[in-house]
Each structure stands twice: as structure tokens, then as C-alpha cells.
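Report on the structure given below.
Residue numbering restarts at 1 for every chain, and letters A, B, ... go by the order of the sequence lines.
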Amino acid sequence: MNPPTEYAESVLDLVERIPPGRVMSYGMIAEYLRERTGRGSPRTVGTVMARYGSGVPWHRVVSGAGRLPPGHEQTARQRLEAEGVPFRGQHVLMADPVLWWPE
DNA sequence: GGGGTGACCCAGT
DNA sequence: TACTGGGCCACCC
């Protein structure tokens, strides 16, 4: 596996800061990094997580609709429920108290 | 430098 | 509620 690029590093740094029991969407991450770096998009964040996400709390990153990463639904749901994240059916309940934004 | 590839998003149907 | 099409953009040939 190739080393993370500069943009990938900024994504990983942010994901590492998400507290237990809270989540961010790919779109939120893209918006935050675009404010700070002027780069990125939700799709690019997804690509970064697919390639480099294994070393960070990737289960705290979900789609804007609360869907879990393809191929890792069971693991993600197990970890999130253990942290107290509420579910509605198969997806995370994307309500204010669970969404996190960096201070 | 040009084209393909996504762990996305949103509006429309 | 579920699916589609268009837009998106860093990264890798």
C-alpha cells in the first residue's frame, strides 16, 4: 500500500479526532477540509477512507443518509452501538446529538 | 496532459 | 421508500 498523500493525511487526522459515540458524514468532512484547505469533495473523502481508513476510527464516518461503509456494515454497527450511537433500521439516526463538528 | 475510478451527494421521478 | 443521472475531485495510470 502506498503512503497516504497530503490530502489523505488531513482526512485521517480529522477522523482520529471524532469522539466515541459521535459520527461525521463524508460530506461534513469534505466541507470542513474545504474550508481549511480549499480542496476535496465528499467523493474524494470516500476514496481516501477506502484506501487508508483501516488505521483510524473509520466506523464513525457514515454517509449523509446514515448508511454504513459497503462490506463493513456488521463491524461498523457493532462498534457504533457499543458506543451508544442510535440506529433506525439499518442506518444511523443522523440527529444533532450524535453528529460531531470539530471545535 | 487526458481518461478512468470511487466506502459521496442531491434533486428528480 | 427506492432508484437514477449528473456533478463532483484527488489520485492513479
Side-chain angles (χ1 to χ4, degrees):
Chain A
M1 168 105 56
N2 293 327
T5 63
E6 185 177 342
Y7 183 75
E9 291 278 14
S10 64
V11 171
L12 299 176
D13 288 347
L14 180 55
V15 173
E16 283 177 345
R17 295 170 52 197
I18 304 175
R22 312 290 293 279
V23 304
M24 288 184 82
S25 72
Y26 301 95
M28 291 169 66
I29 292 170
E31 182 182 351
Y32 178 82
L33 291 180
R34 179 159 278 277
E35 284 178 3
R36 291 184 53 109
T37 72
R39 306 177 65 205
S41 69
R43 185 134 198 193
T44 306
V45 172
T47 301
V48 169
M49 291 306 292
R51 302 174 66 117
Y52 304 111
S54 59
V56 296
W58 54 265
H59 58 282
R60 297 180 190 140
V61 183
V62 302
S63 83
R67 285 190 302 269
L68 303 175
H72 301 275
E73 293 88 350
Q74 302 86 341
T75 305
R77 175 157 189 161
Q78 241 178 358
R79 293 183 183 179
L80 289 171
E81 289 192 316
E83 297 179 359
V85 173
F87 274 73
R88 181 183 47 188
Q90 284 305 311
H91 58 81
V92 174
L93 184 54
M94 298 295 277
D96 280 355
V98 64
L99 298 178
W100 182 76
W101 190 263
E103 306 283 347

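A:E16 approaches A:P57 most closely through the heavy-atom pair CA-CD, 4.0 Å.
Closest approach to the A:S41 side chain among C:dC11, B:dC9, C:dC8 is made by C:dC8 (side chain taken as heavy atoms from C-beta onward). Comparing B:dA7, C:dA10, C:dC12 by their closest approach to the side chain of A:Y52 singles out C:dC12. The listed nucleotides are C:dC9, C:dC12, B:dC9; the one nearest the side chain of A:P42 is B:dC9. When each of B:dC9, C:dC11, B:dA7 is scored by its nearest atom to the side-chain atoms of A:M49, the top-ranked nucleotide is B:dA7. Taking the side chain of A:A50 as heavy atoms from C-beta on, and the options B:dC9, B:dA7, C:dC11, the nearest nucleotide is B:dA7.
Although no hydrogens or angles enter the test, the distance criterion places a donor-acceptor pair under 3.5 Å between the side chain of A:R22 and the main chain of A:P97. For A:Q74 (side chain) and A:H72 (main-chain N/O), no donor-acceptor pair under 3.5 Å exists by modelled atom type. Side-chain N or O atoms of A:T37 include one that pairs as donor or acceptor with a backbone N or O of A:L33 at under 3.5 Å.
Heavy atoms of A:G53 sit nowhere under 4.0 angstrom from any nucleic acid atom. Using a 4.0 Å heavy-atom distance criterion, A:R67 is classed as making no nucleic acid contact. A:Y26 comes within contact range of at least one nucleobase, with a heavy-atom separation under 4.0 Å. In this structure, A:S63 reaches the sugar-phosphate backbone alone: every heavy-atom distance under 4.0 Å involves primed, P, OP1 or OP2 atoms, never a base.
In this structure, A:Y32 places its OH atom 21 Å from C1' of B:dC9, rounding to the nearest Å. Between A:I29 atom CD1 and B:dA7 atom C1' the separation is 11 Å, expressed in whole Å. Between the CG atom of A:N2 and the C1' atom of C:dA10 there is a distance of 14 Å, rounded to whole Å. Between the C1' atom of B:dA7 and the CE atom of A:M24 lies a distance of 16 Å, rounded to the nearest Å. Atom CE in A:M94 sits about 12 Å away from atom C1' in B:dC9, given to the nearest Å. As a whole-Å value, the separation of A:R39 CZ from C:dC8 P is 17 Å. Look at CH2 on A:W58: it is 10 Å from C1' on B:dA7, rounded to the nearest Å. Between A:Q90 atom CD and C:dT1 atom P the separation is 14 Å, expressed in whole Å.
A salt bridge links A:R77 with A:E81: the distance from a Lys NZ or Arg NE/NH1/NH2 to an Asp or Glu carboxylate oxygen falls below 4.0 Å.
Comparing A:R43 and A:G27 along DNA chain B, the residue whose closest nucleotide (by nearest heavy atom) sits nearer the 5' end is A:R43. Nearest-nucleotide assignment on DNA chain C puts the 5′-proximal partner with A:R34, out of A:R34 and A:P3.
The phosphate of C:dC12 (OP1 or OP2) has a side-chain N or O of A:R51 nearer than 4.0 angstrom.
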